[in-house]
Amino acid sequence: MNLNLSNSGGTGNYIRFSPQANAWSNQDGEFALEKFVFDIDNVQTGWMLIAVGVFEFNADDSLGRKGAQPTPEHKRGFKVVFYNKTMGVAEWSANGAGSNMGLEALYKQAVAQRIANPDKLPVVEYKGSRPEKVGKGSTRVPEFSVTGWVARPAALSDDNTGGFDPEVAAPTKPSPSKPAPSKPAPTVDDDEMFS
């Protein structure tokens, strides 16, 4: 009997961005992040604690609305899901300043384009990272570009079947003739999402 506890369809079910190495990795080591589908409908924000042997995530009641900070060691963070055929369904979670800034920029870009692409998910390309001064230190911010929109891939639905190749996704084409979605994408105040 299989419990189907893993939602991965590929080589791993998590990915990480390391500002120090300026690289993406999963449990198998470093890899090149290829074009992927971003599950914008299931973004979670919250308080996150990452330490040796410890990972704790207290999700916000609603996206970007801070609850009480559990401990001074908890930082604002997120969980998102990316998908492509190579890596399968993979979760990216982080609470570092660079990753937070990178995801927030991607989220804003996708929300702005979603009005012309209702009921679809963005296809995203990783464009590298840029250095950023943060307080007395520095980090690297991953940069992304939305290159198209597609119907939700089967791998991101409950049945986890099928395979989507973002390389063949249609490019983003704003269409003024399309009606606005009946329920607009949520917006989040800048200072509340990842502060």
Side-chain angles (χ1 to χ4, degrees), residues 2-31 33 36-84 87-111 114 121-122 124 126 129 132 134-135 137-144 152-153 155-158 160 185-195:
N2 187 348
L3 295 177
N4 290 318
L5 295 175
S6 170
N7 60 358
S8 169
T11 59
N13 62 356
Y14 76 87
I15 59 174
R16 299 286 179 262
F17 176 72
S18 170
Q20 298 83 2
N22 192 24
W24 290 91
S25 63
N26 62 17
Q27 70 276 359
D28 298 324
E30 286 187 18
F31 72 98
L33 181 60
F36 60 89
V37 177
F38 169 35
D39 190 353
I40 191 173
D41 295 325
N42 291 301
V43 175
Q44 288 184 292
T45 55
W47 292 103
M48 186 177 291
L49 174 63
I50 301 174
V52 178
V54 177
F55 177 87
E56 184 181 317
F57 182 68
N58 298 339
D60 295 332
D61 288 337
S62 61
L63 186 65
R65 301 293 181 209
K66 286 190 230 181
Q69 185 176 9
T71 71
E73 290 75 34
H74 284 74
K75 297 182 195 174
R76 294 296 290 161
F78 64 84
K79 283 185 177 185
V80 296
V81 173
F82 293 167
Y83 169 73
N84 67 29
M87 70 181 172
V89 176
E91 179 184 277
W92 178 31
S93 57
N95 67 352
S99 292
N100 283 353
M101 287 187 274
L103 178 70
E104 188 165 19
L106 170 59
Y107 183 82
K108 287 178 181 178
Q109 184 184 156
V111 166
R114 194 153 202 207
L121 296 180
V124 178
Y126 173 60
S129 69
E132 182 79 25
V134 178
S138 62
T139 189
R140 295 198 73 83
V141 177
E143 296 184 307
F144 304 97
R152 176 175 289 276
L156 290 176
S157 64
D158 289 337
N160 286 329
T187 58
V188 178
D189 294 334
D190 296 350
D191 61 341
E192 291 189 271
M193 185 162 181
F194 295 110
S195 302

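Every heavy atom of this structure was used, including side-chain atoms; hydrogens, water molecules and symmetry mates were not. Just so you know, residue 1 is the first one in the sequence shown, and it goes up from there.
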Within-4.5 Å side-chain heavy-atom neighbours: [X] and [Y]:
X: P153; Y: Y83; result: yes
X: F82; Y: F38; result: yes
X: T139; Y: M101; result: yes

Work out which heavy atom in [X] is nearest to a heavy atom in [Y]; give both atom names and the distance.
X: V141; Y: G102; result: CG1-N, 3.6 Å
X: H74; Y: Q69; result: O-NE2, 2.7 Å
X: M48; Y: N95; result: O-ND2, 3.1 Å
X: G98; Y: P142; result: O-CD, 3.4 Å

Residue pair L121, I40: steps toward the side chain to side chain contact (heavy atoms under 4.5 Å, CB included) verdict: CA-CA 7 Å; L121 296 180; I40 191 173; 4.0 Å; yes

Listing request: all salt bridge (Lys or Arg N to Asp or Glu O under 4.0 Å) pairs with a residue in residues 47-58, at least two apart in sequence or in separate chains.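 Sorted pair list comes back empty.
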
L63 side, atom CG; T45 side, atom OG1 - distance, nearest 0.5 Å: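 Those atoms lie 4.5 Å apart.
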
Spatial distance of atom CG (L33) from atom CG (N84) [nearest 0.5 Å]: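 L33 CG to N84 CG: 7.0 Å, rounded to 0.5 Å.
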
Heavy-atom count around K75 NZ within 6.0 Å, excluding the residue itself: above 12?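 It does not: K75 NZ has 12 such atoms or fewer within range.
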
Identify the residue among F36, F78, F17 that makes a ring pair (Phe, Tyr, Trp, His ring centres under 6.0 Å) with W92.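 So the option named by the test is F78.
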
With no hydrogens and no angle check, is any side-chain donor or acceptor of R140 less than 3.5 Å from a backbone partner on S129?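 Checked: pair present.
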
Test D41 against R114 for side chain to side chain contact (heavy atoms under 4.5 Å, CB included), laying out the working first. CA-CA 11 Å; D41 295 325; R114 194 153 202 207; 2.6 Å; yes

Going by the side chain to side chain donor-acceptor pair (under 3.5 Å) test, name the single residue among R76, Q44, R65, K66 that passes it with D60.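 Of R76, Q44, R65, K66, side chain to side chain donor-acceptor pair (under 3.5 Å) with D60 is met by R76 alone.
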
Results of ring pair (Phe, Tyr, Trp, His ring centres under 6.0 Å) for Y126 - residues two or more places apart only: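 Expected list: W24, F144.
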
